[in-house]
Each structure stands twice: as structure tokens, then as C-alpha cells.
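For reference, the structure discussed in these notes is given below.
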Amino acid sequence: MISTDKNMIKLYYSSKSSIGEQTYSYLNASFKDILAIDITKTNVTGSQWKDMAENLGVTIGDLIDKDHPDFTKSYDDKTNLDETDWIKILNKSPEVLVNPIVILGEKYMQIKNPSDIEKKLEANSKGIDEKNPI
């Protein structure tokens, strides 16, 4: 399971994704405490993927961009994969993650539009300490 903390924002993203990079930039500029996990550099365990999917109310397969070239070169829409297969795909080709995942306190969110994170931060900022600006 992924530990949550009301004073910490966790970001699971791919640095190879423009949405992931933009989301990271928005969060970094927020002066909040952030733990950014670039899934292209850090291995995410199967239980962590499962935990994220469950908290988002989706399947692990729903975390994957099935139109991404790295996915379509090996699979098509008729491919039948189980949970373990989806996890292997995410770990082998992390850039297929469809959207960055932000964990803010107990709330899990997939970020489709990086600028939306500002609204989420404002609505949930009570209890989150600001970093000291330089």
C-alpha cells in the first residue's frame, strides 16, 4: 500500500510525458511538500499500481494509454491481459501511463489537464504547510 500524508503531495508521473512534466512543474511551483516519483527512473511495485487503481476506482489496465505507440506495437484492442500483465507493461514501458497520478492526503487523482492541479491544490490546501520560499 502507498502511505498517505495530509502534509505531502505525491506525484507518480513519466518524465517522458508532456502532461507529466507540466503537472510536476505546477506542483513544484506550488510551494507544497512534494514527493515526485518519475516512473521512468523508479520502479513502482505491483501492489502500488493496484493500490492506485483501486483508489482511483479503475482497473490497472485503465492506467495505460492503449493508443501509445509503445503499447500498440505489441498489443491491439483484442488482446486479453490480466492484472499481472498490465503491471508488467507499466514496469517495462512506464511511458504508457495514461495520466500522472497525484495523491493529496487521502485523495487520488488522475491529472488530464496540468493546469487543473491548481484548483485541486486550492480546494485541498488546508492543513498542508507551505514550503519556505527563497
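- To the nearest 0.5 angstrom, T84 atom OG1 is 9.0 Å from K50 atom NZ.
- Summarising the geometry of T59 relative to A53, their closest heavy-atom pair is C-CB, 3.8 Å, with the distance given to 0.1 Å.
- Judged by the 6.0 Å distance and 45° axis criteria, K88 is not positioned over the aromatic ring of W49.
- The minimum heavy-atom distance between Y26 and P114, with the atom names listed, is CD1-O, 3.5 Å.
- Residues I60 and V98 do not share a hydrophobic cluster, defined by chaining ILVMFWY side chains whose heavy atoms lie under 4.5 Å apart.
- The OG atom of S25 lies 12.5 Å from the CD1 atom of I117; values are rounded to the nearest 0.5 Å.
- Rounding to the nearest 0.5 Å places CE of M52 at 5.0 Å from CD1 of I101.
- For the residue pair D76 and T79, a side-chain donor N or O sits within less than 3.5 Å of a side-chain acceptor on the partner.
- The number of heavy-atom neighbours closer than 6.0 Å to NZ of K112, taken from other residues, nucleotides and ligands shown, is 12 or below.
- At a threshold of 4.5 Å between non-hydrogen side-chain atoms, the residues W86 and D62 do not count as touching.
- Note: L11 CG to M109 CE = 10.0 Å, rounded to the nearest 0.5 Å.
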Exercise. Do Y13 and I19 pass the side chain to side chain contact (heavy atoms under 4.5 Å, CB included) test, and can you show the C-alpha distance, the side-chain angles, and the key distance before you say yes or no?
Worked result: CA-CA 9 Å; Y13 77 109; I19 294 173; over 6 Å; no
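- Minimum heavy-atom separation, P94 to S14: O-CB, 4.1 Å.
- Among I89, L97, I87, the single residue meeting the side chain to side chain contact (heavy atoms under 4.5 Å, CB included) criterion with L63 is L97.
- From D51, atom CG reaches atom CG of L56 across 9.5 Å, with rounding to the nearest 0.5 Å.
- The two residues G20 and P100 come nearest to each other via the heavy atoms CA-CG, 3.6 Å.
- Within the 4.5 Å cutoff, no side-chain heavy atoms of E95 are placed close to those of S17.
- Atoms CD1 and CG, on I111 and N99 in that order, are 8.0 Å from each other to the nearest 0.5 Å.
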